[in-house]
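A short worksheet on the structure shown next.
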2 protein chains.
Amino acid sequence: MSGVRGSARECSIANALAVVGERWSLLVLREVLLGNVRFDAIAAATGGSRDILAARLHTLVDAGVLEKRPYSSQPRRYEYVATHSGRALQPVLLALMDWGDRYVTPGPPPTVWEHSCGAELHLAAVCAACGSPVDSGSSRLLRLGGVDQV
Amino acid sequence: MSGVRGSARECSIANALAVVGERWSLLVLREVLLGNVRFDAIAAATGGSRDILAARLHTLVDAGVLEKRPYSSQPRRYEYVATHSGRALQPVLLALMDWGDRYVTPGPPPTVWEHSCGAELHLAAVCAACGSPVDSGSSRLLRLGGVDQV
DNA sequence: CCAGTTAGTTGGATAGTCCAACTCAGCAGC
DNA sequence: GCTGCTGAGTTGGACTATCCAACTAACTGG
């Protein structure tokens, strides 16, 4: 964050990364979506230091990705749950996981999900209109920064 | 990179982020996939400073995401093209763009793609096996860090 | 009263980023 | 041959972020 200079391409990828692109942000979100919603659990599972995790949780709450919710008063204790916006980041995490499984992690995938259909979950990115897979080559730029392309 | 302490969860999301999670990495990849494959073009379009971009290009080449290819000797000039691994990151970028369009960028999406089917491209994350959409709730953890879950 | 739990905050060292200016090589015009 | 231009970086110095251990603060259970 901070250093996003005004020039550059106007782009929702850059805007998204300004919110969740800092170190630990997506790992925090992974844990929250896995059900680890308490500070110490998040710190233990991600391995991040407590100070930056406190800062990240704060910015993610400010950005509307997480919600801070008291689960005890006396002593005041809070847990962090994903908002609608936070849950909408699941495809990003799944896409990253899929790519990591294929191209980074050696050996079999360390984390395996089961889809409600019964099969092991593997993500496919498809066109929402026609349902056929999207790969490089099957799409072309239509409009960039408000300017129609040829 | 660097500071990934040995503990923490064994996870392809973390592994993926260790490769492409640093600042500017995904924006560099966005430009390369858009066809801006030369150093100065990448610097201008991303807005990143030349020194970190040089460093990022180097790590992305080392990680096998990009490939450095000479397009002129005398003077030696290189361009950067996505490898198979790099092109496989497209779903990550599209998922980020989609989320940014919805939850971050105010107003209409700045970048619009057309799918080969003719419709404006909107991404849907579906189960590769059954083709039905994946949302939070339609999947459950099967195995985590090599350990079967109940 | 003392130890333990939970959720942070603080301070100092280390690492990463920003930015402008510089290099180095060839090329284009005069 | 000299000057300026382009393209691809590299360098130095200021600034910012991250790491890590130790600390606070408010309870709880024995």
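Chain letters run A, B, ... following the sequence lines, proteins first and then strands; every chain starts at 1. The figures that follow rest on heavy atoms only: side chains count, while hydrogens, waters and symmetry mates do not.
The distance between atom NE2 of His58(B) and atom P of dA8(D), rounded to the nearest whole Å, is 17 Å. Leu57(B) places its CG atom 14 Å from the P atom of dT17(C), with the value rounded to the nearest Å. In this structure, the CD atom of Glu79(A) is 20 Å from the P atom of dT5(C), given to the nearest Å. Note: CD (Glu22(B)) to P (dT18(D)) measures 12 Å, nearest angstrom. In this entry the distance linking OH of Tyr78(B) with C1' of dG26(C) reads 15 Å, nearest Å. Rounded to an integer number of Å, the gap from CD1 of Ile52(A) to P of dT18(D) is 6 Å. The CG atom of Leu53(A) sits 13 Å away from the C1' atom of dT9(C) (whole-angstrom rounding). The OH atom of Tyr71(B) sits 14 Å away from the P atom of dG26(C) (whole-angstrom rounding).
Arg69(B) pairs by the side chain to side chain donor-acceptor pair (under 3.5 Å) definition with nothing, not counting sequence neighbours.
Closest to the side chain of Asp40(B), out of dT18(D), dT10(D), dG7(D), is dG7(D). The listed nucleotides are dC19(D), dC19(C), dT10(D); the one nearest the side chain of Ser49(B) is dC19(C).
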Anything under 3.5 Å between a donor and an acceptor, one on a side chain of residues 97-104 of chain A, the other on a protein residue two or more places apart or in another chain? List them.
| from | atom 1 | to | atom 2 | distance (Å) |
| --- | --- | --- | --- | --- |
| Asp98(A) | OD2 | Arg102(A) | NH2 | 2.7 |
| Trp99(A) | NE1 | Ser85(B) | O | 2.9 |
| Asp101(A) | OD1 | Ser12(B) | OG | 2.4 |
| Tyr103(A) | OH | His84(B) | NE2 | 3.1 |

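Not one side-chain nitrogen or oxygen of Trp24(B) sits closer than 4.0 Å to the OP1 or OP2 atom of dG16(C). When the side-chain nitrogen and oxygen atoms of Arg56(B) are compared with OP1 and OP2 of dT17(C), one or more of them lie within a distance under 4.0 Å. A close approach under 4.0 Å does not occur between any side-chain nitrogen or oxygen of Tyr80(B) and OP1 or OP2 of dG7(D).
Using modelled atom types, one side-chain atom of Ser72(B) and one backbone atom of Pro75(B) make a donor-acceptor pair closer than 3.5 Å. A donor-acceptor pair under 3.5 Å is absent between the side-chain atoms of Ser116(A) and the main chain of Ser139(B), judged by distance alone. The closest donor-acceptor contact from the side chain of Arg56(B) to the backbone of Arg23(B) lies under 3.5 Å. Between the side chain of Arg87(A) and the backbone N or O of Ala82(A) there is at least one donor-acceptor pair closer than 3.5 Å.
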Which pairs, protein N/O on one side and nucleotides 21-30 of chain D N/O on the other, fall under 3.5 Å?
| from | atom 1 | to | atom 2 | distance (Å) |
| --- | --- | --- | --- | --- |
| dC27(D) | OP1 | Gln74(A) | OE1 | 2.7 |

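Considering all non-hydrogen atoms of both residues, Val92(A) and Leu96(B) come closest at CG2-N, 3.8 Å.
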